[in-house]
Amino acid sequence: MIQDARVLQDDYLPREIVHRHEEMSQLATALEPVVEGDRPQHALLTGPSGSGKTCIARATLDRLQEQVLDVHTAHVDCWLHPNDFRILYKLLESLGTTYDIHRSTPLDELLERLREIDKPYLVVLDEADQIDDPDLLRRLYSISGLTMILITNHERDLFRPLDERLQSRLRSSDTIEFDSYRRDELVSILSDRAAWGLTDGALTTDQRQRIAETACGNARDAISILRSAARHAERKGSDRIRDSDIETAIPAARAELRQKSLDRLTTDQLAVYDVLRECGELMPKELLARYEERVDDPKSMRTVRKYLRKLEQYNLVESSGHGPSRTYSAVS
DNA sequence: CATCCACGGGAAAAACAGGGTC
DNA sequence: GACCCTGTTTTTCCCGTGGATG
């Protein structure tokens, strides 16, 4: 039933981008000067997750590279590589100049090497608000051949840690705002993927509607649900997706997402999360006490607070209230 | 208004990683 | 392989801020 599994993957980039022509041409215009060999404006892409930011950035750079030979591009997911070294390493890696770089190479040298490149360099920093050290943005900003395309869910998360000067400079870059996909847009995206990747008639119109409705405007979620349902149906040897496959896929897709976050936690962080999962809502003091009896060599309160902040970012834990009446609970 | 907590920034210390050397 | 060296990452400690509560 699955004819081409690639089109159901997260990172699949369709040849033809639908529903985001406006945003794509805005970005293309912002980057246009590179065709003439000039330095383009930096760009800022904001909007909720699954609204097509990453997709548009990648597609635009692909097009540009077809037109212009003398340009380097790179795409770094700052969620996966949050620290300076890894980001810079990734950038140099896509230039193919990492041959003699090791962990003890000073950051300044990495930056220096970026400065030396002769062609324009277009850099997509995906999930840019996840970058640990905001100073990195300032340093990248100061490299004249380098143009940043910053992607973030919320502009304020990105700007909050930056100093005034850099904030105002970045605000002057081209900002492109993305909205969540509308229901009918998601339906048409799902239809395309089904047409490319599945046999005819494997996914009914009602099923498309159902997935689109559940995904709440998030294309990534919609495609994960489709992927999971298709796999499920195929495992059973069915020649089309049944409604029950979709109902199974909806929680499965969420679980998959959560598992990805969970895999990246340390044992102590996981212990904190487990305590909250088992005990439900807890006050900080109580949470700490239970965590401490759970592990052999507990970390300090301050460290646990850092963990909690991280868990909140991963959307595994949520908190409510302020001051003494604060409570934490695991996201169901 | 005083007090109690919790929060989170920053600095310093400790643990860690990975290359180079013998 | 044992060891040092360097820079990174994690953890801890200290402390000011500020909301909630009596």
Side-chain angles (χ1 to χ4, degrees), chain A residues 76-93 96-116 125 127-140 143 152-167 261-276 279-331:
Chain A
V76 183
D77 185 347
C78 304
W79 186 284
L80 296 175
H81 311 276
N83 66 62
D84 313 19
F85 183 83
R86 289 198 203 141
I87 291 169
L88 291 174
Y89 188 90
K90 275 269 159 194
L91 293 182
L92 290 166
E93 191 177 52
T97 58
T98 46
Y99 45 87
D100 57 348
I101 289 178
H102 31 82
R103 288 184 60 79
S104 52
T105 310
L107 285 179
D108 285 333
E109 195 184 319
L110 302 187
L111 285 160
E112 195 49 45
R113 228 181 267 195
L114 281 174
R115 227 169 245 125
E116 283 164 7
L125 295 178
E127 311 276 357
D129 51 315
Q130 294 299 316
I131 297 175
D132 288 338
D133 182 4
D135 200 46
L136 180 68
L137 286 180
R138 192 183 54 73
R139 296 165 114 177
L140 288 175
I143 297 176
T152 178
N153 289 18
H154 301 291
E155 198 176 318
R156 63 167 185 283
D157 288 343
L158 179 62
F159 283 149
R160 198 178 35 200
L162 303 180
D163 66 65
E164 293 289 327
R165 286 184 62 173
L166 189 57
Q167 271 197 36
S261 306
L262 250 33
D263 287 343
R264 305 187 53 222
L265 300 179
T266 64
T267 46
D268 284 284
Q269 291 164 346
L270 207 56
V272 174
Y273 176 70
D274 285 342
V275 166
L276 284 172
C279 307
E281 206 166 346
L282 285 181
M283 314 246 301
K285 251 184 153 173
E286 216 175 336
L287 168 60
L288 185 73
R290 302 212 181 184
Y291 156 75
E292 279 175 343
E293 68 190 44
R294 192 187 190 91
V295 297
D296 291 340
D297 187 14
K299 311 288 185 196
S300 71
M301 182 61 205
R302 180 70 187 90
T303 303
V304 172
R305 273 208 294 271
K306 280 185 177 161
Y307 290 169
L308 284 166
R309 201 158 69 100
K310 186 166 190 158
L311 291 170
E312 273 187 294
Q313 279 198 348
Y314 283 13
N315 209 15
L316 292 168
V317 161
E318 59 194 355
S319 64
S320 64
H322 278 284
S325 64
R326 190 161 182 124
T327 60
Y328 289 97
S329 55
V331 173

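Just so we're on the same page: letters track the sequence lines, and every chain starts at 1.
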Ordered by number, residues from residues 301-310 of chain A within less than 4.0 Å of DNA chain C (heavy atoms) are Arg302(A), Thr303(A), Lys306(A), Tyr307(A)
From CG of Leu111(A) across to C1' of dG7(C) the rounded distance in Å is 15 Å
Handout entry: Minimum side-chain heavy-atom gap Leu88(A)-Leu136(A) below 4.5 Å
Key = yes
Please determine whether side-chain contact (heavy atoms from CB on, under 4.5 Å) holds for the pair Val272(A) and Tyr328(A), giving the CA-CA distance in whole Å, both sets of side-chain angles, and the decisive distance to 0.1 Å.
CA-CA 11 Å; Val272(A) 174; Tyr328(A) 289 97; over 6 Å; no
Rounded to the nearest 0.5 Å, the CD atom of Glu127(A) sits from the CD atom of Gln313(A) at a distance of 10.5 Å
Atom OH of Tyr89(A) and atom P of dT8(C) are separated, to the nearest Å, by 15 Å
Exactly one of Glu281(A), Glu286(A), Glu318(A) clears side-chain hydrogen bond (donor to acceptor under 3.5 Å, both in side chains) with Thr327(A), and that residue is Glu281(A)
Quick check: does any side chain N or O of Tyr307(A) sit under 3.5 Å from a backbone N or O of Ala271(A), one acting as donor and the other as acceptor? no
Greater than 12 external heavy atoms within 6.0 Å of Arg264(A)'s CZ: yes
Between NZ of Lys299(A) and P of dT9(C) the distance, given in whole Å, is 17 Å
Heavy-atom contacts, protein to nucleotides 16-22 of chain C, under 4.0 Å, summarised as B (base), S (sugar-phosphate only) or - (none) per nt, yield ---BSS-
d(Asp268(A) CG, Asp296(A) CG) to nearest 0.5 Å is 9.5 Å
Between CG of Leu265(A) and C1' of dT10(C) the distance, given in whole Å, is 15 Å
If we only count heavy atoms from C-beta on, is the Leu140(A) to Leu114(A) side-chain gap below 4.5 Å? yes
When rounded to whole Å, the CG to P distance for the pair Leu88(A) and dT8(C) reads 10 Å
